[in-house]
Protein chains: 2
Amino acid sequence: MEVSVSQENYLKAILKLERAEGIASNQAIAQNLESTPAAVTGMLRKLCDEGLVEYEAYQGAKLTQVGEQHALSTVRKHRLWEVFLVDKLSYRWDAVHDLAEELEHIGDEIFVDRLAAFLGHPLFDPHGDPIPDALGNIRERKDVVFSSEALAGMKFSVCGVSDSSDEFLRHLNRLGIELGSIYHAVERFDFDGSMEWTNDDGERVLVSSGVAEKILIQIHE
Amino acid sequence: MEVSVSQENYLKAILKLERAEGIASNQAIAQNLESTPAAVTGMLRKLCDEGLVEYEAYQGAKLTQVGEQHALSTVRKHRLWEVFLVDKLSYRWDAVHDLAEELEHIGDEIFVDRLAAFLGHPLFDPHGDPIPDALGNIRERKDVVFSSEALAGMKFSVCGVSDSSDEFLRHLNRLGIELGSIYHAVERFDFDGSMEWTNDDGERVLVSSGVAEKILIQIHE
DNA sequence: CTAAATTTTTAGTTTATCTAAAATATTTTT
DNA sequence: AAAAATATTTTAGATAAACTAAAAATTTAG
Ligand SMILES: [Mn+2]
Ligand SMILES: [Mn+2]
Ligand SMILES: [Mn+2]
Ligand SMILES: [Mn+2]
């Protein structure tokens with residue numbers, strides 16, 4: 001019952017799609033993994049044979065109990081390694097994804113658990129994504145909305161992003177926006193939906209609607 | 001110029017053999033990697049094409065400058081990860097090899113260098129093997145001999161092992177012998193070459209000649 | 001019910017590595 | 001220097017894990 005690197009990446013993609021849309025369609029999986037529907041069909045059959053996904057032809061895929069645990073364990077590893085890279089090796093949040101994508105496939109549960117203990121059992125990764133615990137439980141955050149929903153006058157803190165691509169994160173770096181940053185929404189410009197924010201140091205930042213829609217915030221008071 | 005996991009394992013084996021015997025014979029490489037001479041011939045040709053080893057048919061293999069650097073970098077990663085596992089994740093020295101064998105193939109020079117910095121640029125791994133620095137320099141230890149050479153009355157500290165197999169290390173665990181342990185040689189029994197040692201707490205240990213021949217020590221005064 | 005979209009099947013292809021047995025070269029022994 | 005023993009290479013093919021393009025089948029939407 002060895003699960004290959006490729007298979008683990010499939011499981012992660014299916015987990016993500018299942019959480020987002022209820023079921024993982026062939027096409028969506030292909031898109032996620034930059035592959036083709038034909039390749040996905042082949043892999044789904046294999047994963048089904050191995051008891052990791054439920055799959056009937058033309059009906060899309062769902063993870064089995066075992067498959068979901070495996071996927072969650074891989075996500076857990078991925079996010080813990082991202083924490084390690086940022087907290088211990090001083091990587092920036094836009095430089096950790098590819099490395100974590102490799103590290104997530106190494107070692108067993110004992111290894112992950114020791115890593116988690118060493119890091120102090122962190123609850124979130126450097127992008128604000130929740131880290132499943134050893135049993136696969138994910139604490140979904142409450143009271144979290146996209147910053148595009150903030151109204152003028154509100155005070156909020158940045159607690160996540162819905163796009164962890166290096167390009168987007170580097171754009172945020174340029175704007176000075178990072179996890180934990182606290183801002184006030186000053187104004188929304190109806191013309192293009194962009195917003196002006198200020199922080200406690202009085203620094204202003206102009207956030208386009210496209211960017212605001214990808215930043216998760218928690219509203220204060 | 002991507003070097004595969006398998007290729008990196010070949011380079012490491014060749015490095016080891018070259019240091020030990022001057023040249024890496026086909027057969028010795030096969031033995032090291034639990035493969036066959038025919039498979040080795042094929043891989044040596046590929047590595048030669050890629051400029052990583054010098055190889056002429058029937059003449060055995062030597063690493064090129066580039067190949068040696070790559071091999072040293074892999075060894076460096078392996079040993080640094082072993083230090084990480086023991087120092088940070090509380091693994092025992094007999095449980096780190098297989099994991100390091102996988103981790104050593106991940107990431108680039110920047111990653112290794114940051115890991116080394118995080119660990120405080122350790123000079124030796126948990127088995128007493130020297131860790132190459134970022135440039136590939138290995139500080140070979142001086143005044144190190146096998147414990148079988150210790151004469152009655154001598155005081156010494158354990159600084160390495162020539163066999164890092166889990167079985168041997170677990171045997172040392174049972175005897176209570178670990179890196180840094182300090183002993184006095186009490187007596188050698190001519191009958192079978194076994195030795196009796198004591199530590200400062202007055203605890204005695206009987207070491208067979210086979211074991212003594214695999215333990216590296218530094219003699220005090 | 002059609003037409004469009006999605007998925008599966010078919011029939012290979014690719015890549016990387018390994019194997020057994022035969023042929024060849026090298027080394028050792030006589 | 002032969003012969004014998006040992007080591008290495010060649011040959012020819014196996015294996016495994018994935019992926020692809022195009023055709024066929026199925027599902028879904030209008
Ligand atoms: Mn991955
Ligand atoms: Mn992340
Ligand atoms: Mn390895
Ligand atoms: Mn070691």
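Note on naming: letters A, B, ... go to the chains in the order of the sequence lines (proteins, then strands), and numbering restarts at 1 for each one.
Across the protein-nucleic acid pair, B:M43 atom CE and D:dT10 atom P stand 16 Å apart, rounded to whole Å. The NZ atom of A:K46 sits 6 Å away from the P atom of D:dA17 (whole-angstrom rounding). In this entry the distance linking CG of A:L17 with P of C:dT6 reads 15 Å, nearest Å. Here the P atom of nucleotide C:dA25 and the CG atom of B:N26 are 16 Å apart, to the nearest Å. Nucleotide C:dA16 holds its P atom 11 Å from the CD atom of B:E2, rounded to whole Å. Taking atom CG of B:L44 as the reference point, atom P of D:dT8 lies 10 Å away to the nearest angstrom. Remark: C1' of C:dA16 and CG of B:D49 are 15 Å apart, rounded to the nearest angstrom. When rounded to the nearest whole Å, the span between CD of B:E56 and P of D:dT9 equals 11 Å.
Between B:R45 and D:dT9, a side-chain N or O to OP1/OP2 separation shorter than 4.0 Å is absent. Regarding contacts with the backbone of D:dA18, a side-chain N or O of A:S6 is found under 4.0 angstrom from either OP1 or OP2. Close to D:dC19, at under 4.0 Å from its OP1 or OP2, lies a side-chain N or O of A:Y10. Taking only side-chain nitrogens and oxygens, A:Y55 never comes nearer than 4.0 Å to OP1 or OP2 of C:dT7.
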Produce the list of close N/O pairs, under 3.5 Å, pairing protein atoms with atoms of nucleotides 3-6 of chain D; give distances to one decimal.
none

Any protein N or O atoms within reach of nucleotides 1-3 of chain C? Criterion: under 3.5 Å, listing atom names and distances.
none

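Residue A:S4 places its side chain closer to D:dA18 than to any other of D:dT20, C:dT9, D:dA18. The side chain of A:P37 sits closest to C:dT8 out of C:dT8, D:dC19, C:dT17. Distances were taken from every side-chain heavy atom of B:A39 (C-beta onward) to each of D:dA17, D:dT9, C:dC18; the shortest belongs to C:dC18. Taking every side-chain heavy atom of B:T41 into account, D:dT8 is the closest of C:dT19, D:dT8, C:dT7.
Of the residues in residues 100-108 of chain A, none has a non-hydrogen atom less than 4.0 angstrom from any atom of DNA chain C.
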Using the rule given for side-chain hydrogen bond (donor to acceptor under 3.5 Å, both in side chains), can you reason through B:H105 versus B:N9, listing the C-alpha separation, both sets of side-chain angles and the distance that settles it, and then say yes or no? CA-CA 9 Å; B:H105 304 291; B:N9 288 334; 3.1 Å; yes
Set out, in order, the CA-CA distance, both residues' side-chain angles and the distance that settles ring pair (Phe, Tyr, Trp, His ring centres under 6.0 Å) for A:H127 and A:H97, then state yes or no. CA-CA 10 Å; A:H127 312 109; A:H97 186 80; 7.3 Å; no
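Seen from the ring of A:F168, A:K214 counts as a face-on cation partner, given the 6.0 Å and 45° thresholds.
Applying the side-chain contact (heavy atoms from CB on, under 4.5 Å) rule to B:Y58 yields no partners; only residues at least two apart in sequence or on another chain are considered. Judged as a side-chain contact (heavy atoms from CB on, under 4.5 Å), and not counting sequence neighbours, the contacts of B:N32 are B:A13, B:K16, B:L17. Residues satisfying the side-chain contact (heavy atoms from CB on, under 4.5 Å) test with A:E167, not counting sequence neighbours, are A:S165, A:R170. In this structure, A:E82 has no salt bridge (charged side-chain N to carboxylate O under 4.0 Å, His left out) partners at least two apart in sequence or on a different chain. Shown here are the salt bridge (charged side-chain N to carboxylate O under 4.0 Å, His left out) partners of A:E101, two or more places apart in sequence or in another chain: A:K12. Remark: A:V3 pairs with A:Q7, A:E8, A:L11, A:L52, A:H70 by the side-chain contact (heavy atoms from CB on, under 4.5 Å) rule, at least two apart or across chains.
A:S208 and A:S194 make their closest contact through CA-CB, 3.9 Å (heavy atoms, listed as atom of the first residue, atom of the second, distance). Scanning both residues, A:A212 and A:M195, for their nearest heavy atoms gives CB-SD, 4.0 Å.
Between its two ends, the helix from C:dC1-D:dG30 to C:dT30-D:dA1 turns its axis by 10°, counting five pairs per end and rounding to 10 degrees.
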Summary of protein contacts for nucleotides 22-30 of chain D, nucleotide by nucleotide, where a base hit scores B, a sugar-phosphate-only hit scores S (4.0 Å, heavy atoms): ---BSS---
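Here B:E178 does not pair with B:R92 in a salt bridge; the nearest charged N to carboxylate O distance is not below 4.0 Å. Under 4.0 Å is where a charged nitrogen must lie from a carboxylate oxygen, and between A:D113 and A:R76 at least one such pair does.
Judged as a side-chain hydrogen bond (donor to acceptor under 3.5 Å, both in side chains), the pairs with a partner in residues 33-44 of chain B (not counting sequence neighbours) are, in order, B:N26-B:T41.
Ring geometry, B:Y91 versus A:F111: the interplanar angle exceeds 60°, so the pair is classed perpendicular (tilted spans 30 to 60°). Taking the six-membered ring where the residue is Trp, A:W81 and B:F84 present tilted rings, their angle falling between 30° and 60°.
Results of the side chain to side chain contact (heavy atoms under 4.5 Å, CB included) test with B:L115 over B:L80, B:I110, B:V83, B:L103 single out B:L80 as the only residue that passes.
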